[in-house]
Structure formats: structure tokens, C-alpha cells
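I have placed the structure first, in the form of C-alpha cells, so that the comments after it can refer back to it.
To find a chain, count down the sequence lines: A is the first, B the second, and so on, and within it residues start at 1.
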Amino acid sequence: MASKITSGFFAQDTLKVARELLGVEMAYGDCRGVIVETEAYCGDPASHAVTRPNTGVLLRETFGCIYIYSIYGIHRCLNFTSDESGPGAVLIRALEPLRGIESMMARRGTERLRNLTSGPAKLVQALAVDPALHGQEIGRSIRLRRLWEVKEKDVAWGPRIGISKAQELPWRFWVKGNKHVSV
DNA sequence: TGGCCGATATGCT
DNA sequence: GCATATCGGCCAA
């Protein structure tokens with residue numbers, strides 16, 4: 001039986017949270033998908049804890065909460081805050097769709113399964129994540145439970161995508177070979 | 001109050 | 001591979 005993940009899980013180190021979120025099912029509204037790609041943001045120069053000192057307060061002062069930001073005007077991305085002892089958040093970059101695929105296709109305007117949730121802004125649009133969830137504790141609207149046990153040998157990692165600072169840090173994690181990983 | 005930048009996605013060449 | 005839409009957040013003035 002799959003085990004529920006609550007906000008307390010996010011108290012631990014951000015890199016560990018990012019790694020451990022792989023294989024976790026996310027349920028929201030009429031949709032479900034498994035997390036297959038994440039990125040960790042700590043107190044590094046690319047983190048909103050640094051680049052957005054006002055709104056980034058959530059990264060410093062909470063864990064286990066939803067952090068939603070907008071980028072390039074038209075996109076929104078979903079994070080979960082982490083690390084009870086410092087700034088941290090994990091960006092959810094890709095899901096493998098499980099349920100509500102018809103709804104996702106309608107909202108994304110495509111029939112192509114591979115293009116539904118293979119990117120941070122794509123999955124927010126596919127699941128119609130409400131921006132008003134910003135700051136809310138995990139487990140209320142967005143529910144998580146471990147669905148897959150992802151072995152060490154099935155985890156890949158590398159540099160984070162789309163950033164101009166701290167590009168050398170290999171803080172992006174994904175499920176090796178999964179067809180729904182971005183890029 | 002204005003200007004710059006960005007954890008993206010898409011469409012065109 | 002490259003241009004670009006489009007706007008919130010931030011800071012300088």
C-alpha cells in the first residue's frame with residue numbers, strides 16, 4: 001500500500017527531498033501524476049531565497065508548503081518548500097500522467113501525451129493548479145503519496161535548467177529513461 | 001514610476 | 001537553432 005507523504009517529510013535537507021520526491025504520486029483535482037523530474041533550490045545564487053528576497057520569505061521560513069511563482073509573464077511553476085533549518089524549495093519539473101488525461105489534453109490543447117506535463121509550466125497548466133494555493137500546506141489541496149520505489153541506479157542528475165547563476169551545481173534529478181522528463 | 005530580468009514554451013527558419 | 005510573447009517582482013531614482 002502506497003504511503004502518504006505529509007508536510008513533515010519536507011523538513012529534511014532539500015537535496016534529499018528533491019531526490020526522494022521522484023516516484024511520488026501527486027493528486028490534485030481530477031488529475032494524478034507521478035513526479036519524474038525535480039530541481040533543488042537552497043540558499044544558492046539562483047534560488048528565489050536570494051533573487052526574490054520578499055516573496056522568497058516562504059523558502060526561508062516554511063517547509064511543506066506550496067510555492068508558486070510566475071515567469072515570463074504567462075507561465076507559472078510549482079514548488080514545495082523544504083528544509084526546516086534553512087532556505088529551500090523543490091521545483092516540480094515533470095510528471096508522468098496517470099489520471100485525468102482527457103482534462104490535461106483539453107487544458108494543454110494537445111493530444112500528445114508526451115507534451116502534457118513534461119515541463120514545470122506545462123504541468124501547472126495541465127492540472128490547472130490554482131495560484132491561490134501559494135503558501136498553503138501540502139496535503140490539503142495537493143496530496144502526495146509514494147507510488148514507486150525508485151532505486152539509486154534509476155536516478156540521474158545534472159545541472160539545473162534555464163538558470164544563469166550557479167549553473168555548475170548538479171541539483172536536477174530525474175528518473176532515468178522516463179519519457180515524460182523535460183527538454 | 002520606469003526599466004530590467006527571468007527556475008518557460010512555442011512557433012518559425 | 002533562435003526569436004519572442006508578456007508581466008510580476010525588485011530596485012534605482
### Message
For A:Q167, I'd like to know if atom CD has over 12 heavy atoms of other residues, nucleotides or ligands within 6.0 Å.
### Response
yes
### Task
Would you indicate whether A:K16, at its atom NZ, is surrounded by more than 12 heavy atoms from other residues, nucleotides or ligands within a distance under 6.0 Å?
no
Indicate every side-chain donor-acceptor pair of residues 89-100 of chain A with a distance under 3.5 Å to a residue at least two apart or in another chain.
{"from": "A:R93", "atom 1": "NE", "to": "A:E37", "atom 2": "OE2", "distance (Å)": "2.9"}
{"from": "A:R93", "atom 1": "NH2", "to": "A:S182", "atom 2": "OG", "distance (Å)": "3.2"}
{"from": "A:E96", "atom 1": "OE1", "to": "A:N178", "atom 2": "ND2", "distance (Å)": "2.8"}

## Note on the structure
Cluster membership besides A:V183, Ile/Leu/Val/Met/Phe/Trp/Tyr side chains within less than 4.5 angstrom, sorted by chain and number, is A:I161
#### Entry: Which residues share a side chain to side chain donor-acceptor pair (under 3.5 Å) with A:S164, sequence neighbours left out
none
### Task
Examine the side chains of A:D30 and A:S103 and answer whether a donor and an acceptor come within less than 3.5 Å of each other.
yes
### Side-chain donor-acceptor contact under 3.5 Å, A:Q125 with A:R107
no
### Query
Side-chain contact, heavy-atom cut-off 4.5 Å: A:M104 with A:C31?
yes
Report yes or no: do [X] and [Y] belong to one cluster of Ile/Leu/Val/Met/Phe/Trp/Tyr joined by side chain heavy-atom distances under 4.5 Å?
X: A:V150; Y: A:W171; value: yes
X: A:I138; Y: A:Y28; value: yes
X: A:V50; Y: A:L15; value: no
X: A:I5; Y: A:L127; value: yes

### Query
In residues 15-36 of chain A, what residues come within less than 4.0 Å of DNA chain B, judged by heavy atoms?
none
### Query
Of all of residues 46-57 of chain A, which get a heavy atom below 4.0 angstrom from DNA chain B, listed by number?
A:A46, A:H48
### Sequence neighbours excluded - ring pair (Phe, Tyr, Trp, His ring centres under 6.0 Å) pairs with any residue from residues 137-164 of chain A
none
Give every pair of a protein N or O atom and an N or O atom of nucleotides 1-4 of chain B that lie under 3.5 Å apart, one pair per line with the distance.
none

### Message
I'd like to check the salt bridge (Lys or Arg N to Asp or Glu O under 4.0 Å) partners of A:R140; sequence neighbours left out, ordered by chain and number.
### Response
A:E137
### Side-chain donor or acceptor of A:R146 paired with backbone N/O of A:E20 under 3.5 Å
yes
Show me the donor-acceptor pairs within less than 3.5 Å that the side chains of residues 63-78 of chain A make with the rest of the protein, sequence neighbours left out.
{"from": "A:Y67", "atom 1": "OH", "to": "A:H48", "atom 2": "ND1", "distance (Å)": "2.7"}

### Axial cation check for A:Y41 ring with A:R160, 6.0 Å and 45° limits
yes
### Task
Using whole Å, report how far CD of A:E37 lies from C1' of B:dA7.
11 Å
### Task
Using the heavy-atom set of chain A and a strict 4.0 Å cut-off, write down the first and last nucleotide of DNA chain C that makes it in, 5' to 3'.
C:dA5 to C:dC11
### Query
If you write DNA chain B from 5' to 3' in dot-bracket form, with Watson-Crick or G-U pairs under 3.5 Å, [ ] for crossing pairs and | for pairs with another strand, what do you get?
||||||.|||||.
### Query
When every nucleotide of nucleotides 8-13 of chain B is labelled 5' to 3' by its protein contacts under 4.0 Å (heavy atoms), B for base, S for sugar-phosphate only, - for none, what sequence of letters results?
BSS---
